[in-house]
Amino acid sequence: DAMVIQNPRYQVTQFGKPVTLSCSQTLNHNVMYWYQQKSSQAPKLLFHYYDKDFNNEADTPDNFQSRRPNTSFCFLDIRSPGLGDAAMYLCATSRVGSYNQPQHFGDGTRLSIL
Amino acid sequence: AQSVTQLDSHVSVSEGTPVLLRCNYSSSYSPSLFWYVQHPNKGLQLLLKYTSAATLVKGINGFEAEFKKSETSFHLTKPSAHMSDAAEYFCSGTYKYIFGTGTRLKVLA
């Protein structure tokens with residue numbers, strides 16, 4: 001089945017130690033998104049790629065970066081994680097760039113900061 | 001500004017009774033609207049979508065939603081709740097995949 005896969009499912013890192021989360025998709029969708037979701041809150045969009053074009057949300061901290069080396073893969077880099085960055089990180093994809101297409105989500109990576 | 005508002009943060013129903021989860025939207029143009037479900041430690045799964053075709057939309061697992069422009073609403077319903085429906089539900093849509101704050105559905109045996 002076509003899907004969105006996130007690795008790892010659980011990630012523990014130390015305060016200030018860089019960490020990378022990965023996402024891959026077999027849907028061949030143009031758009032890939034990264035969301036941060038804290039406990040009992042709605043997902044918060046960090047940024048998205050439309051093909052190779054990177055679109056950062058205005059309130060996304062500089063500490064968060066992303067790479068999309070090809071259509072299938074997208075990475076979330078947190079350069080110096082703080083305690084407030086502990087959260088579930090969700091990757092999603094959608095076809096083309098219009099907002100009438102639903103998003104397809106991975107199962108997320110839960111990030112803990114020691 | 002475009003937005004979606006979920007009117008209830010928690011809803012409890014008994015198994016076998018109807019479910020109603022409420023969502024209002026704000027949009028200056030014809031919106032696209034979605035309902036997603038999230039089980040613990042899982043991603044969001046699409047239940048149904050409205051994209052200006054039929055106003056009554058049927059989704060998976062017996063859920064449906066009705067788009068009412070006059071009330072700017074897109075409420076999610078199910079005739080008979082099942083224990084497996086217990087989860088967090090998110091309304092999403094209009095511009096830039098904005099999410100509501102979520103409604104946690106509890107199903108009582």
Side-chain angles (χ1 to χ4, degrees), chain A residues 1-11 21 23-25 27 29-50 55-60 87-112, chain B residues 1-11 21 23 25 27-54 57-60 63 65 67 74 87-106:
Chain A
D1 285 342
M3 55 178 56
V4 181
I5 300 170
Q6 292 188 243
N7 285 305
R9 291 295 317 281
Y10 300 91
Q11 176 75 56
L21 310 182
C23 177
S24 64
Q25 56 131 340
L27 296 160
H29 283 171
N30 302 76
V31 195
M32 295 187 77
Y33 310 79
W34 280 104
Y35 287 87
Q36 179 192 65
Q37 186 180 28
K38 296 191 175 180
S39 184
S40 301
Q41 295 184 19
K44 178 180 181 296
L45 183 63
L46 296 173
F47 26 60
H48 73 276
Y49 274 95
Y50 183 0
N55 298 271
N56 199 30
E57 293 301 299
D59 58 354
T60 298
M88 174 78 93
Y89 290 87
L90 296 168
C91 175
T93 71
S94 70
R95 192 185 307 168
V96 299
S98 60
Y99 294 107
N100 64 358
Q101 296 294 323
Q103 293 174 296
H104 298 254
F105 285 82
D107 282 338
T109 295
R110 184 167 295 283
L111 179 66
S112 300
Chain B
Q2 322 298 328
S3 68
V4 290
T5 302
Q6 291 184 245
L7 301 174
D8 308 291
S9 59
H10 293 83
V11 169
L21 306 182
C23 174
Y25 70 91
S27 176
S28 56
Y29 50 86
S30 182
S32 296
L33 296 166
F34 311 91
W35 275 100
Y36 292 88
V37 60
Q38 186 178 31
H39 291 277
N41 292 314
K42 290 285 197 176
L44 279 69
Q45 179 187 14
L46 179 70
L47 283 175
L48 48 81
K49 65 177 181 179
Y50 167 77
T51 54
S52 74
V57 181
K58 293 190 182 299
I60 63 170
F63 285 96
F67 175 77
F74 188 58
E88 187 90 20
Y89 290 79
F90 291 97
C91 181
S92 168
T94 60
Y95 179 68
K96 255 189 165 180
Y97 294 119
I98 297 168
F99 284 91
T101 50
T103 299
R104 184 169 297 277
L105 176 65
K106 187 174 181 180

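The structure presented is a predicted model; accordingly, all values stated were derived computationally and were not measured. Order of the sequence lines sets the chain letters (A, B, ...), proteins ahead of strands, with each chain counted from 1.
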Report which part of [X] has an atom under 4.5 Å of a heavy atom belonging to chain A: side chain, backbone, both, or neither.
X     : value
B/K49 : side chain
B/Q6  : neither
B/Y50 : neither
B/L46 : side chain

Is the count of non-hydrogen atoms from other residues, nucleotides or ligands lying under 6.0 Å from A/K38 atom NZ greater than 12?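 Yes, NZ of A/K38 has more than 12 neighbouring heavy atoms, counting only those of other groups under 6.0 Å.
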Taking atom NZ of A/K44 as the centre, report whether more than 12 heavy atoms of other residues, nucleotides or ligands fall under 6.0 Å from it.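 More than 12 heavy atoms, drawn from other residues, nucleotides or ligands, come within 6.0 Å of this atom.
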Side chain from CB out, backbone as N, CA, C, O: work out which of these in A/Q37 comes under 4.5 Å of a heavy atom of chain B, or both, or neither.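 For A/Q37, the side chain is the part near chain B, not the backbone.
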At a 4.5 Å cut-off on heavy atoms, which part of A/Q41 comes close to chain B: side chain, backbone, both, or neither?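 Just its backbone gets close to chain B.
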A/L90 to B/G43 - nearest heavy-atom pair and separation: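 Scanning both residues, the minimum pair turns out to be CD2-CA, 4.0 Å.
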What closest approach, in Å, do B/G100 and A/A42 show between heavy atoms, and which atom pair accounts for it?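 Closest heavy-atom pair between B/G100 and A/A42: O-CB, 3.0 Å.
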Looking at A/R9 and B/N41, would you say the former's side chain and the latter's main chain have a donor-acceptor pair under 3.5 Å?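 Side chain of A/R9 to backbone of B/N41: a pair is present.
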Just so I understand: if I count every heavy-atom pair under 4.5 Å between each of A/C91, A/A92, A/G108, A/G106 and chain B, which residue has the most?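 Maximum pair count with chain B is reached by A/G106.
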Between B/Y36 and A/Q103, is a side chain to side chain contact (heavy atoms under 4.5 Å, CB included) present by the stated rule, with each step listed? CA-CA 10 Å; B/Y36 292 88; A/Q103 293 174 296; 3.6 Å; yes
